[in-house]
Amino acid sequence: MARPVSVLNAAAGFDVCVLYRLAFLLLLAVYAYAMLRGEKAGAVVGGITGLLQDAMTVGIFGFHILSRICVGYIVGLTKEKVFKDNYLYHMSAIATITFILRFVYWWLELLRSGGRWSIFFAYLWDSLGYIIGNALLVWPVVVIMKMIYEWIRKEDISY
């Protein structure tokens, strides 16, 4: 029997797993938006992006929705308590968030697979790539979101 991802890859004509890897950019967008707008807006955007990410994956449905809502809300709570121009804070915060999310997801997959520990090292290596990638990309995403937010806030949008 064909795996659902293989069927999706064949139907779409490209590797759907690439979309899943790019979907972690949505986590960075939730982080940046919550940092700009606060906990309520961060939770709403987190829920929407989590639903989008859950729709694109074949894993545990609802994990991304709940985790992105929590990330948006918690990051939004820190909005007024941190220096927004501190590069190291953003890098360490998103690295910690990514590590926690990947660890929780790994435990859920471990429980779901009946204790298949053989996936640990491959998943750890993959998670390390996510952590480093998110830590390096968080600052450009925050800067771009800040520029877009200021542009819209001026209400001087000309086409």
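These figures come from a predicted structure and were not determined experimentally.
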Atom pair [atom1]/[atom2] of [X] and [Y] - distance to nearest 0.5 Å:
X      : Y      : atom1 : atom2 : value
Asn86  : Trp139 : CG    : CH2   : 8.0 Å
Phe103 : Leu108 : CZ    : CG    : 10.5 Å
Ile94  : Leu137 : CD1   : CG    : 10.5 Å
Met145 : Met35  : CE    : CE    : 12.0 Å
Ser127 : Ile132 : OG    : CD1   : 11.0 Å

Transitive ILVMFWY cluster of Phe61, excluding itself - 4.5 Å side-chain cut-off =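 Besides Phe61, the hydrophobic cluster comprises Leu51, Ile65, Ile69, listed by chain and residue number.
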Ring pair (Phe, Tyr, Trp, His ring centres under 6.0 Å) against [X], all qualifying residues, sequence neighbours excluded:
X     : answer
Phe63 : Tyr105
Tyr33 : none
Tyr89 : none
Phe99 : none

Between Ile74 and Ile97, is any pair of side-chain heavy atoms under 4.5 Å apart?
->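 Ile74 vs Ile97: side chains apart.
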Any side-chain heavy-atom pair of Tyr73 and Leu77 under 4.5 Å |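 Contact flag for Tyr73/Leu77 side chains = yes.
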Could you list the residues that satisfy side-chain hydrogen bond (donor to acceptor under 3.5 Å, both in side chains) with Thr98, not counting sequence neighbours?
->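 Checked Thr98 against side-chain hydrogen bond (donor to acceptor under 3.5 Å, both in side chains); matches are Asn134.
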Any residue meeting side-chain hydrogen bond (donor to acceptor under 3.5 Å, both in side chains) with Ser67, in chain and number order, not counting sequence neighbours |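 side-chain hydrogen bond (donor to acceptor under 3.5 Å, both in side chains) check on Ser67 returns nothing, list empty.
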Among Ile48, Leu26, Leu101, Val45, which residue meets the side chain to side chain contact (heavy atoms under 4.5 Å, CB included) test with Arg68?
->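 Testing Arg68 for a side chain to side chain contact (heavy atoms under 4.5 Å, CB included) against Ile48, Leu26, Leu101, Val45 leaves exactly one candidate, Leu101.
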Closest heavy-atom pair and its distance - Ala135, Ala95 =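 Minimum heavy-atom contact is CB-CB, 4.4 Å.
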Tyr149 atom OH, over 12 foreign heavy atoms within 6.0 Å =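 Enclosed.
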What pairs with [X] under side chain to side chain contact (heavy atoms under 4.5 Å, CB included), at least two apart in sequence or on another chain?
X      : result
Lys146 : Leu36, Lys84, Asp85
Ile148 : Ile144, Ile152
Trp125 : Leu128
Leu66  : none

Output every pair passing side-chain hydrogen bond (donor to acceptor under 3.5 Å, both in side chains) with a member in residues 41-52, not counting sequence neighbours, ordered by first then second residue.
->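 Sorted pair list comes back empty.
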